[in-house]
Colleague: 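Below is a structure I'd like to ask you about.
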Amino acid sequence: MHIAIIGAGISGLLTALELVEQGCQVSIFDQQQAGQAASWAGGGILSPMYPWRYPHAVNTLAQYGKSMYQTWNQKLRPITGIDFEIHDTGMLIFDEDDFDIGLNYAARYQEPMQQADYLERDALEQVNPWINPKFQHAIYFSQLSNVRNPRLLQSLIYYLKQHPSVKFFEQIQISQFQIQHQQVVYAIDQQGNKIHADQFVIATGAWSQHWAKQLKLDIPVQPVQGQMLLFKAPAHWLPTMCMNQVMYLIPRQDGHIVCGSSMAHCGFNTTPDAKTKQNILDACLEMVPELAQFPIVKQWAGLRPSSPTGVPYIGAVPEMRNLWLNVGHFRNGLCMGPASAQLLRQLMLKQPAFTNPLPYSPEHLMREQGKSGSISLV
Ligand SMILES: Cc1cc2nc3c(=O)[nH]c(=O)nc-3n(C[C@H](O)[C@H](O)[C@H](O)COP(=O)(O)OP(=O)(O)OC[C@H]3O[C@@H](n4cnc5c(N)ncnc54)[C@H](O)[C@@H]3O)c2cc1C
């Protein structure tokens, strides 16, 4: 079976990996260089930031992220030579309003990686000596990790490019589908070239609303800009991830510390600005004042593919027989990526699904959200 995947972010690349491992032929198309959009720009935290603020469907997919990435890292690394560094740092959360709800959530659901402890100042200092003394307590999720997402993408791209069943087409924008009898006959790129395949997957991240008009669907995926800063400290200087009021610090193994992030609805603008930089800086230095001694080595912005509830659209496009979606992962596309791709592969190849696919079904989501007025079939 030949499958064309449109979009080479984490959603498209992991879908390709899942399918190719099952013996499929895969062609991957991206309008720019592969792996350079939101999936590169993100932080790589392998959990929703405050899991209790998300629908259960999001946490279900996120729970598998860490163990699946460990498996893929072991498989890909001998071939690619790239370790994408699953860094077990744990995370401290300082939002006092979330302490009870976070601890109750952890105790109630007992989900993998969500064990939480309440720490007073002495214990907090043992875990991370750099925390501002104004924070006298925290909750500590000791099993949380982050993945070095730019390297993860490099590894996936390297592995897929050397695979005999995969073809990459970069700088090629797919603009529409030729559809007959509820079936895509071919896709058409911006130059008018026809792309034939048995099945087609849309994994176009923040650009996914592009398909709404032709497919006569209201696909409510919008770009939401997030800006980031990168510090360079000595290796292992900051021992844990830290979070307060949706701002975070993410230490990498070599001492880089990713700090973010902002949220702005400003279309497809990816130009970072000085005011947002200052806001991120203020929030991060409030948590870890000593960070100020280290240089900022990079600033960037990326476009999250937002969806109304953060639950991604995974499954067949309504009333189509060979067109599939894997879009709308919003703030959690890296942690949900492996499980999202596995679920889609299972649906496409008519294999038993590892979880109930209904909460992610495009048809179901569109019907439910149509009822609440935020999305409808048009
Ligand atoms: C600042 C920031 C921090 C984040 N932090 C985290 C985090 O800590 N943990 C986490 O889990 N998630 C995080 N995220 C969210 C995560 O990055 C996204 O949910 C995820 O990357 C979305 O992946 P994607 O493959 O769907 O989209 P993308 O990575 O955006 O990929 C979509 C691709 O489709 C291509 N494309 C679009 N239209 C077409 C077309 N017509 N033809 C051909 N190609 C096309 C684009 O060029 C792009 O390469 C963060 C995001 C941002 C911006």
Colleague: Do Tyr50 and Asp95 have a side chain donor and acceptor closer than 3.5 Å?
Modeller: yes

Colleague: Taking NZ, NE, NH1 and NH2 as the nitrogens, is one of them in Lys194 or Asp189 under 4.0 Å from a carboxylate oxygen of the other?
Modeller: no

Colleague: Should the pair Phe29 and Phe169 be assigned to parallel (<30°), tilted (30 to 60°) or perpendicular (>60°) ring geometry?
Modeller: parallel

Colleague: Before giving the answer on side-chain contact (heavy atoms from CB on, under 4.5 Å), spell out for Phe231 and Val297 the whole-Å C-alpha distance, their side-chain angles and the decisive distance to 0.1 Å.
Modeller: CA-CA 6 Å; Phe231 282 84; Val297 293; over 6 Å; no

Colleague: Would you say the side-chain atoms of Gln278 and Asp282 include a donor-acceptor pair closer than 3.5 Å?
Modeller: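 Gln278 vs Asp282: donor-acceptor pair found between side chains.
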
Colleague: Assess, by modelled atom type and distance only, whether the side chains of Arg304 and Ser261 contain a donor and an acceptor separated by less than 3.5 Å.
Modeller: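 On atom types as modelled, these side chains qualify, holding a pair under 3.5 Å.
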
Colleague: Taking the six-membered ring for Trp, are Tyr118 and Tyr140 ring centroids under 6.0 Å apart?
Modeller: no

Colleague: Partners of Lys277 by side chain to side chain contact (heavy atoms under 4.5 Å, CB included), sequence neighbours excluded?
Modeller: Leu229, Ile296, Gln299

Colleague: Do Lys167 and Ser27 have side-chain atoms, one donor and one acceptor, less than 3.5 Å apart?
Modeller: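 Distance-only check fails for Lys167 and Ser27.
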
Colleague: Would you please say whether a donor-acceptor pair under 3.5 Å links the side chains of His2 and Gln199?
Modeller: no

Colleague: Going through the checks in order, is the salt bridge (charged side-chain N to carboxylate O under 4.0 Å, His left out) test met by Arg252 and Glu85?
Modeller: CA-CA 8 Å; Arg252 305 299 196 206; Glu85 296 179 11; over 6 Å; no

Colleague: Can you confirm whether the side chains of Gln173 and Gln190 place a donor and an acceptor under 3.5 Å from each other?
Modeller: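 Yes, a side-chain donor-acceptor pair sits under 3.5 Å.
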
Colleague: Going by atom types only, do Asp88 and Gln143 share a side-chain donor-acceptor pair under 3.5 Å?
Modeller: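 Result is no, nothing qualifies.
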
Colleague: Give the ring-plane orientation class for Phe141 versus Trp52, where under 30° counts as parallel, over 60° as perpendicular and anything between as tilted.
Modeller: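 It falls in the parallel class, under 30°.
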
Colleague: Do Asp83 and Asn73 get their side chains close enough for a donor-acceptor pair, meaning under 3.5 Å?
Modeller: yes

Colleague: Side chains of Thr276 and Asn279: do they bring a donor and an acceptor to under 3.5 Å?
Modeller: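 Asn279 and Thr276 do not have a side-chain donor-acceptor pair below 3.5 Å.
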
Colleague: Would you say the ring centers of Trp237 and Phe294 fall short of 6.0 Å from each other?
Modeller: yes

Colleague: Could you tell me how the ring of Tyr186 sits relative to the ring of His196: parallel (under 30°), tilted (30 to 60°) or perpendicular (over 60°)?
Modeller: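 Tilted: the ring planes of Tyr186 and His196 meet at 30° to 60°.
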
Colleague: When the aromatic ring centroids of Phe94 and His137 are compared, is their separation below 6.0 Å?
Modeller: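 No - the distance between ring centres of Phe94 and His137 does not fall below the 6.0 Å cut-off.
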
Colleague: Less than 6.0 Å separating the ring centroids of Tyr159 and Trp72?
Modeller: no

Colleague: Verify whether one side chain among Gln183 and Gln180 offers a donor that lies under 3.5 Å from an acceptor in the other.
Modeller: no

